[in-house]
Protein chains: 2
Amino acid sequence: MTSFKSVSKQDSQFGAKPAANGAHKAAIRQENEEQILAAAERVFADFGFKGATTARIAETANVPKANVHYYFSTKEALYRRIMEDVCDHWLEAAMTFDNSADPAVILRGYIEAKMDLSRARPYGSRLWAHEIIRGAKFSSGYISTTVKDWLDSRVVVIKGWIAEGKMDDIEPYSLMYMIFATTQHYADFGRQIEIFNGDRPLSEEQFAEAKENVVRIILKGVGLS
Amino acid sequence: MTSFKSVSKQDSQFGAKPAANGAHKAAIRQENEEQILAAAERVFADFGFKGATTARIAETANVPKANVHYYFSTKEALYRRIMEDVCDHWLEAAMTFDNSADPAVILRGYIEAKMDLSRARPYGSRLWAHEIIRGAKFSSGYISTTVKDWLDSRVVVIKGWIAEGKMDDIEPYSLMYMIFATTQHYADFGRQIEIFNGDRPLSEEQFAEAKENVVRIILKGVGLS
DNA sequence: TTTTAACCTGACCAAACGGTCAAGATAAAT
DNA sequence: ATTTATCTTGACCGTTTGGTCAGGTTAAAA
């Protein structure tokens with residue numbers, strides 16, 4: 001699905017899948033994997049691939065370092081696995097941008113979904129940012145296929161809207177990049193926004209207001225309101 | 001000026017400043033420092049603080065590793081020095097956002113200056129992104145003083161425009177974050193844009209078109225056109 | 001010409017790193 | 001009850017890292 005080649009979702013030390021055990025053992029495995037994945041997402045987001053250490057991931061997950069390597073053979077396998085999860089979430093938000101309704105409704109829905117994703121999973125967004133800044137070494141294949149295909153199809157949709165006179169004649173890629181940039185900024189540069197906000201994270205009210213402002217500016221900016 | 005505490009611009013191994021020599025020696029020093037700084041900016045931008053190695057910086061700068069430490073005592077001192085330079089350039093662009101003319105003219109000028117900065121110095125922008133994602137450990141002081149003061153003063157200006165009915169009633173911080181995000185996106189996520197563009201960097205024409213689109217959407221989006 | 005101050009660098013080091021392993025603990029299967 | 005498969009972990013290993021240093025070269029000053 002996400003096509004991050006050369007790694008299976010079941011990356012245990014023993015190749016196949018020892019998961020079909022009794023219930024207790026399976027539960028232990030699942031809980032430990034989840035704990036390690038959650039910790040790794042944080043640590044990778046905070047320090048990047050090279051900056052993140054397996055020792056710190058282990059410490060954050062509250063397991064011995066050797067146990068991390070029991071569940072995930074290498075640091076790279078763990079990283080790829082998390083990138084898959086991040087991409088799955090991104091794809092979920094992407095699905096809100098369909099072709100069924102009013103342009104303003106669709107665009108509003110997509111922007112709101114992306115903003116909510118930045119709020120709910122900031123670490124995933126920051127991890128993605130790290131990956132791209134570093135040159136997208138692990139994910140360029142995914143971007144040039146899955147993501148690009150999706151983006152190009154949305155560009156066609158937008159060009160259709162323009163041709164029908166429903167919105168201004170804006171270069172669709174510029175618009176999409178603006179949406180990517182602005183929505184993800186609230187996760188990637190969250191620390192900066194926090195400092196500007198008097199060293200306190202945005203409250204729910206502040207974030208809701210920001211979301212509404214982003215939607216308003218972009219919709220009006222392209223002639224959809 | 002930029003107030004990155006605890007490090008002087010003249011960070012040689014010998015505390016004081018051995019720069020006032022004969023012309024040749026001074027030239028050697030200047031050229032080597034510049035070469036190392038340029039290399040370090042690239043390497044830090046590509047790999048982050050921890051991911052960048054002094055060996056790689058030395059290799060990129062075409063000097064032996066020990067020579068890097070001759071001119072810059074530690075990796076952190078080198079990093080701080082580059083952050084200073086990045087901030088100086090940011091401040092320069094910030095100065096275009098004055099209070100003298102028509103809102104549309106000012107905003108257009110500032111957006112274009114930021115876009116041009118992303119184009120001319122992508123490594124600096126990406127280095128800044130790394131720094132913020134990592135939690136702004138070196139620069140939170142600078143952000144909470146110099147940058148915040150500047151931002152707050154611009155917010156006052158924008159609120160003035162709104163009060164005078166010159167533009168829509170938009171929360172100024174949301175607008176400024178959108179400008180930060182969108183303009184810097186062309187540097188920070190340049191690799192992603194490159195992939196979307198068929199694995200080729202944006203041409204001058206494409207970039208100029210993107211710049212104009214960003215200006216148009218934002219100006220119209222806040223009621224300034 | 002001699003002396004001095006700055007520049008240069010191969011070789012080295014302690015610390016931190018990703019990853020391994022043997023030996024023990026626990027729970028499921030027989 | 002015994003065997004088997006999985007889970008757990010402290011100790012360990014080879015490599016990479018930031019940083020040091022002694023001994024050299026070069027150029028400016030005396």
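Proteins get letters first, then strands, A, B, ... in listed order; numbering begins at 1 in each.
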Roughly, in whole Å, what's the span from CD in Gln35(A) to C1' in dT8(D)?
14 Å
Among side-chain atoms of Gln184(B) and Trp90(B), is any donor-acceptor pair under 3.5 angstrom?
no
Aromatic contact, Phe180(A) with Phe189(B) (centres under 6.0 Å):
no
Integer-rounded Å distance: dA6(C) P and Asn32(B) CG:
16 Å
Give me the residues of residues 40-55 of chain B where at least one heavy atom lies under 4.0 Å from an atom of DNA chain C, by number, or none.
Lys50(B)
Before we go on, tell me: are the rings of Phe196(B) and Tyr173(A) under 6.0 Å apart, centre to centre?
no
Could you state the OH-C1' distance from Tyr79(A) to dG19(C), rounded to the nearest angstrom?
20 Å
Do Phe72(A) and Glu33(A) have side chains that get closer than 4.5 Å, going by heavy atoms?
yes
From CZ of Arg29(B) across to P of dA28(D) the rounded distance in Å is 14 Å
Starting from P on dG19(C), measure out to CZ on Arg56(A) and report it in whole angstrom.
18 Å
Between Ile28(B) and Lys65(B), just flag the one whose closest nucleotide in DNA chain D comes earlier from the 5' side.
Lys65(B)
Could you give the NE2-to-P distance, from His69(B) to dT20(D), as a whole number of Å?
7 Å
Throw together a table of side-chain donor-acceptor distances under 3.5 angstrom for residues 208-215 of chain B, partners on residues two or more places apart or in other chains.
unit_1, atom_1, unit_2, atom_2, d
Lys211(B), NZ, Asp116(B), OD1, 2.7
Glu212(B), OE1, Arg108(B), NH1, 3.2
Glu212(B), OE2, Arg108(B), NH2, 3.3
Asn213(B), OD1, Glu171(A), N, 3.1
Asn213(B), ND2, Glu209(B), O, 2.9

Calculate the interatomic distance between Asn67(B) atom CG and dT25(D) atom P; express it in whole Å.
16 Å
Can you confirm whether or not the ring centre of Tyr110(B) sits under 6.0 Å from the ring centre of Trp150(B)?
yes
Choosing from dC7(C), dG10(C), dG18(C), which nucleotide comes nearest the side chain of Ala66(B)?
dG10(C)
Choose from dG10(C), dG19(D), dG18(C) the nucleotide whose nearest atom is closest to any side-chain atom of Pro64(B).
dG10(C)
Quick one: is Tyr70(B) getting a side-chain N or O under 4.0 Å of the dC8(C) phosphate, OP1 or OP2?
no
Measure CD1/Ile36(A) against P/dT8(D) and give the value in whole Å, please.
9 Å
Donor-acceptor pairs under 3.5 angstrom involving side-chain atoms of residues 46-53 of chain A: please list them, not counting sequence neighbours.
unit_1, atom_1, unit_2, atom_2, d
Asp46(A), OD1, Arg126(A), NH2, 2.4
Thr53(A), OG1, Arg56(A), N, 3.0

